[in-house]
Number of protein chains: 2
Amino acid sequence: MRTTAHAAAGRGTYHHGNLRAALIEAATALLEAKGPLGVTLRGAARRAGVSQTAPYRHFQSKGALLAAVAEEGFRRLARTITRAARRCRDDPIHALQAMAVAMVGFAAKHPSHYRLMSGPAVRGRDHPALREAAVAAWTILTEAVRDCQRAGGIRGGDSAELAFVLWCLVHGLSVLVVDEQLPPAVRQAIPLERLTEHAARLLLEGLGQRH
Amino acid sequence: MRTTAHAAAGRGTYHHGNLRAALIEAATALLEAKGPLGVTLRGAARRAGVSQTAPYRHFQSKGALLAAVAEEGFRRLARTITRAARRCRDDPIHALQAMAVAMVGFAAKHPSHYRLMSGPAVRGRDHPALREAAVAAWTILTEAVRDCQRAGGIRGGDSAELAFVLWCLVHGLSVLVVDEQLPPAVRQAIPLERLTEHAARLLLEGLGQRH
DNA sequence: ACCTGAACACCGTTCAAGT
DNA sequence: ACCTGAACACCGTTCAAGT
């Protein structure tokens, strides 16, 4: 934030400011303001107060800048679900459900950012740091599943596999929300939070011990 | 197909050929060949053998053309899952599982097309025909759920709500596949088809009568 | 080491004009 | 009714040049 204010004021020449961080910040602002199609390398440079070609000193391409923005998104997502889980450390199943709700809530609150994170603009294959951040978020969920298994809340077996199914469900809901593709019949009546809880509960019942 | 051949041969002047269909076809070809970012209004026009501005007689904008391509994708998807279900008409639960596998298979086979269908490039809100096609596909799944309920395979209640949860799960998996975001631990060992079956089974157990 | 300016090959879209 | 050509305001990226 401070960096942007600095650039906006136009006092510095940016010759020793942290342009890299400023560009990530500018791109993020563009993303939230104008959506994925509104993010432009030139636009980010303008917003940071530098020439159109300056970004190439810090990012190999537009994709590399977007990857950095997405990476930051995954870090925020990880923080968000961690915080949600901490609030119910006593009941692992409840914690898992809270994480699911928090994740969908994050997507609903930052649709463009979530879209970028899961979009084709940045493929993790080309950006190791991005992939790491994504895996870190995903690992948190896996560990929460393992906690549930230890506590006897859900069946045994490969926790990564079980966590993956939950991830699919929550990610699928998030993406539908972000793309405004919730079927009208569903969207009309049910608040998002209850919808997520409901979906997670159905799955967790499937993951129960009884089967 | 025939239209493209016709255009490629360069014999007609396209003054009465079906340019609209030819453009949809050209855009689809570009999409499959070069991915979502490779689809261009000018490129589609070139491929169809007309000037850059000709498309505007048939589509209000690039978005409208993309919406038409996405619409066709939903129709193909609907056909695909219908066909899959027909092959096991005797067992509704098995049919539902087959539909899930077919849907993920469709996404894996046509990643760019699936991406476009669920992307931000085309919002259903602005394109009623697209929305209709999407709802039609989604309705097929809902009816399959209802069949299961009648047969006693899964619990009662709002079939749209249950179908929606299944849709989230399958769509989430499809999107992860398309975006190449399957966690390494998962992708390494398990073939996609088995993964889908496994995910669907877990959920369907959650949807069972016992709870 | 970091940044600028001009340039290239593209875009989507508009508008006047052609048949 | 349907299409073309020139034009406008943008892109991402490269390259030589500046400090």
Side-chain angles (χ1 to χ4, degrees), chain A residues 3 6-8 10-27 29-31 33-70 116 119-123 126-127, chain B residues 3 6-7 10-27 30-31 33-70 116 119-123 126-127:
Chain A
T3 317
H6 192 261
R11 327 182 217 131
T13 51
Y14 251 119
H15 258 281
H16 33 291
N18 193 349
L19 181 52
R20 196 191 133 90
L23 285 170
I24 293 177
E25 213 177 286
L30 284 176
L31 182 65
K34 306 198 211 170
L37 297 87
V39 185
T40 263
L41 205 51
R42 285 166 110 112
R46 258 188 314 261
R47 208 169 215 280
V50 295
S51 85
Q52 313 147 2
T53 52
Y56 285 95
R57 284 294 130 189
H58 301 271
F59 298 97
Q60 221 181 0
S61 66
K62 183 190 180 185
L65 172 57
L66 292 181
V69 174
L116 178 69
V122 287
R123 283 190 310 291
D126 313 331
H127 307 280
Chain B
T3 317
H6 194 261
R11 329 184 214 129
T13 50
Y14 251 120
H15 258 283
H16 33 291
N18 194 350
L19 182 52
R20 196 191 132 90
L23 286 169
I24 293 178
E25 212 176 285
L30 285 175
L31 182 65
K34 305 198 212 169
L37 297 86
V39 185
T40 262
L41 206 50
R42 284 166 113 113
R46 257 188 314 262
R47 208 170 216 279
V50 294
S51 84
Q52 313 146 359
T53 52
Y56 285 93
R57 285 294 129 190
H58 300 273
F59 298 98
Q60 220 182 1
S61 67
K62 183 189 181 186
L65 172 57
L66 293 181
V69 173
L116 178 69
V122 286
R123 284 190 309 292
D126 312 332
H127 306 281

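Here is the naming used below: chain letters follow the sequence lines, and residue numbers restart at 1 for every chain. All figures in this text were calculated on a predicted structure; none of them were measured in a lab.
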Requested in this report: Could you check how far CG of Leu19(A) sits from P of dC3(C), rounded to whole Å?
Outcome: 5 Å
Report task. Using whole Å, report how far CG of Leu41(B) lies from P of dC11(D). Result -> 18 Å
Report summary line: When both distances are under 3.5 Å in a Watson-Crick or G-U wobble arrangement, the nucleotide paired with dT4(D) is dA16(C)
Requested in this report: Taking only the side-chain heavy atoms of Ala54(B) (C-beta and beyond), determine which of dT13(D), dC3(D), dT4(C) contains the nearest atom.
Outcome: dC3(D)
Requested in this report: Examine the base of dG5(D) for any acceptor or donor lying under 3.5 Å from a partner atom in the side chain of Thr53(B), and report the outcome as yes or no.
Outcome: yes
Query - Atom-to-atom span, CG of Leu37(A) to C1' of dG12(D) - whole angstrom - result: 15 Å
Query raised in the report: How close or far is atom P of dC10(D) from atom NZ of Lys62(B), stated in whole angstroms?
Result: 17 Å
**Report entry** Arg42(B) backbone acceptor or donor facing Lys62(B) side chain under 3.5 Å
**Finding:** no
Query raised in the report: Can you tell me if the side-chain N/O atoms of His58(A) get under 4.0 Å from OP1 or OP2 in dA1(C)?
Result: no
Query raised in the report: Is Tyr56(B) near enough to dT14(C) that one of its side-chain N or O atoms lies under 4.0 angstrom from OP1 or OP2?
Result: no
**Report entry** Nearest-Å distance for atom pair CD/P, residues Gln52(B) and dA9(C)
**Finding:** 15 Å
Query raised in the report: Between Arg42(A) (CZ) and dC11(C) (C1'), how many Å, whole number?
Result: 12 Å
Query raised in the report: For Arg20(A) and dA1(C), what is the distance between atoms CZ and P respectively, to the nearest whole Å?
Result: 18 Å
Query raised in the report: Within this structure, what is the CZ-to-P distance between Arg57(B) and dG18(C), rounded to whole angstrom?
Result: 15 Å
Query raised in the report: Could you go step by step and tell me if Tyr56(A) and Leu41(A) meet the side chain to side chain contact (heavy atoms under 4.5 Å, CB included) rule?
Result: CA-CA 9 Å; Tyr56(A) 285 95; Leu41(A) 205 51; 3.4 Å; yes
Requested in this report: Can you tell me the pairing partner of dC11(C) across any strand shown, Watson-Crick or G-U wobble, with both distances under 3.5 angstrom?
Outcome: none
